[in-house]
Structure formats: C-alpha cells, structure tokens
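Inspection log for the structure reproduced underneath, given as structure tokens.
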Amino acid sequence: MKWRFPISPVAASRPRVSRWGSYYTGAYKTFRADAKPIVEEVTKGVTPTADKLKVWVECFVTKPATTKLSAPRPDVDNYLKSIFDLLNGVIWEDDSQIVFVQANKAWADNDGYFTVKIQKVKERNEE
C-alpha cells in the first residue's frame, strides 16, 4: 500500500526537557499539529497493522526562496523519525515493527509532500 501526504515534511528535533516534562518547539511542533488532520484524512479507514514491515519513504521538501543546497540539509533519518512518529497507531501499531527502510529526500518542484509505501514481511515459514 502507498500513501501520499500533501504536507512538506519537517525533520524531527530534539525534545526540550524541563522539570515538568519534555516538549517540542518550533517548526517540528507546528508540523506535528498541521500534519495530524492530513494524516487522518489520507488514511481514513486504515487499520494499523501489527505485522513486520518493509517501508519506503520519499520526502519532497518545499524549497526556500534562496538556497545553494542541492538537497534539504537535515539528515534523512530525522525526516524518518518525524514521519514514523506521526504514523504510529495509524498505519502501523509502532515503528519498532519496521525491519527494513529505504528513504530519500529532495526539493519539491512546487508544494512539499511525502510518500510512504509499506509491504508486509513474510515469515520464513510462509515462503
């Protein structure tokens, strides 16, 4: 199965820690809040799977007005973390079920978005 989420991905940031607990700030906090209703709409009717999964993720980030970079700066694993956390309990029960991942990041031609494709891993005795 494959889904396309029409929101520019944002790399996960480190949580801030205070004596009252941990919390997120800035662009990542905004992304989580803005992406939640989009994820709910795109995955309407999806039941989270408990199977082991192979996952492919493509991140197309909105390009800033001026940049000399050929690709977005944050590490691709930080994009994965934000997307995986967003999809916990939606597409899969927990991202610990993911046993294989392939990901890429690039500038979007227009508006940013990301895609997620999953495939259930066959157990050895199922082959």
Inset, instruction - Report whether Ile98 and Val39 are members of the same hydrophobic cluster (ILVMFWY, side-chain heavy atoms less than 4.5 Å apart, transitive linking). - result: yes
Inset, instruction - Mark yes or no for whether Asp75, through its side chain, and Asp77, through its backbone, hold a donor-acceptor pair below 3.5 Å. - result: no
Inset, instruction - Would you mind reporting whether Asp85 and Asp95 have side-chain heavy atoms less than 4.5 Å apart? - result: yes
Legend entry - Distance, nearest 0.5 Å, that separates CG of Leu87 from CD1 of Ile118: 9.5 Å
Legend entry - Stepwise ring-ring contact (aromatic ring centres under 6.0 Å, His included) test for Phe100 and Trp56: CA-CA 8 Å; Phe100 170 89; Trp56 291 264; 5.7 Å; yes
Legend entry - Distance, nearest 0.5 Å, that separates CZ of Phe31 from OG of Ser82: 4.5 Å
Legend entry - OH-NZ distance between Tyr28 and Lys81, expressed to the nearest 0.5 angstrom: 6.0 Å
Legend entry - Side-chain (Lys105) to main-chain (Pro74) donor-acceptor, under 3.5 angstrom: yes
Inset, instruction - Side-chain contact test, heavy atoms from C-beta onward, threshold under 4.5 Å: evaluate it for Tyr79 versus Cys59 and give yes or no. - result: yes
Inset, instruction - To the nearest 0.5 Å, tell me how far Met1 CE sits from Ile91 CD1. - result: 8.5 Å
Legend entry - Test applied, side chain to side chain donor-acceptor pair (under 3.5 Å); reference residue, Asp51; option that passes from Lys120, Gln119, Lys122: Lys120
Legend entry - Glu41 side-chain N/O to Ile38 backbone N/O, donor-acceptor pair under 3.5 Å: no
Inset, instruction - Examine Arg4 relative to Tyr113 and say whether NZ or CZ is less than 6.0 Å from the centre of the six-membered ring and inside a 45° cone about the ring axis. - result: yes
Inset, instruction - Keeping the roles fixed (side chain from Thr115, backbone from Trp3), state whether a donor-acceptor pair exists under 3.5 Å. - result: no
Inset, instruction - Spell out, as yes or no, whether a donor-acceptor pair under 3.5 Å connects the side chain of Thr67 to the backbone of Pro64. - result: no
Inset, instruction - State, to 0.1 Å, how close Ser8 and Thr62 come at their nearest heavy-atom pair, and which atoms those are. - result: OG-N, 2.9 Å
Inset, instruction - Could you label the plane-to-plane angle of the Phe5 and Phe114 rings as parallel, tilted or perpendicular, counting under 30° as parallel and over 60° as perpendicular? - result: parallel
Inset, instruction - Report whether Val55 and Val42 are members of the same hydrophobic cluster (ILVMFWY, side-chain heavy atoms less than 4.5 Å apart, transitive linking). - result: yes
Inset, instruction - State plainly whether one hydrophobic cluster holds both Val61 and Val57, where clusters connect Ile, Leu, Val, Met, Phe, Trp and Tyr through side-chain heavy atoms under 4.5 angstrom apart. - result: no
Inset, instruction - For Thr43 and Val90, indicate whether the former's side chain and the latter's backbone hold a donor-acceptor pair under 3.5 Å. - result: no
Legend entry - ILVMFWY cluster, Phe60 and Leu86 together (side-chain gap under 4.5 Å): no
Legend entry - Working for side-chain contact (heavy atoms from CB on, under 4.5 Å), residues Val99 and Leu53: CA-CA 6 Å; Val99 297; Leu53 299 171; over 6 Å; no
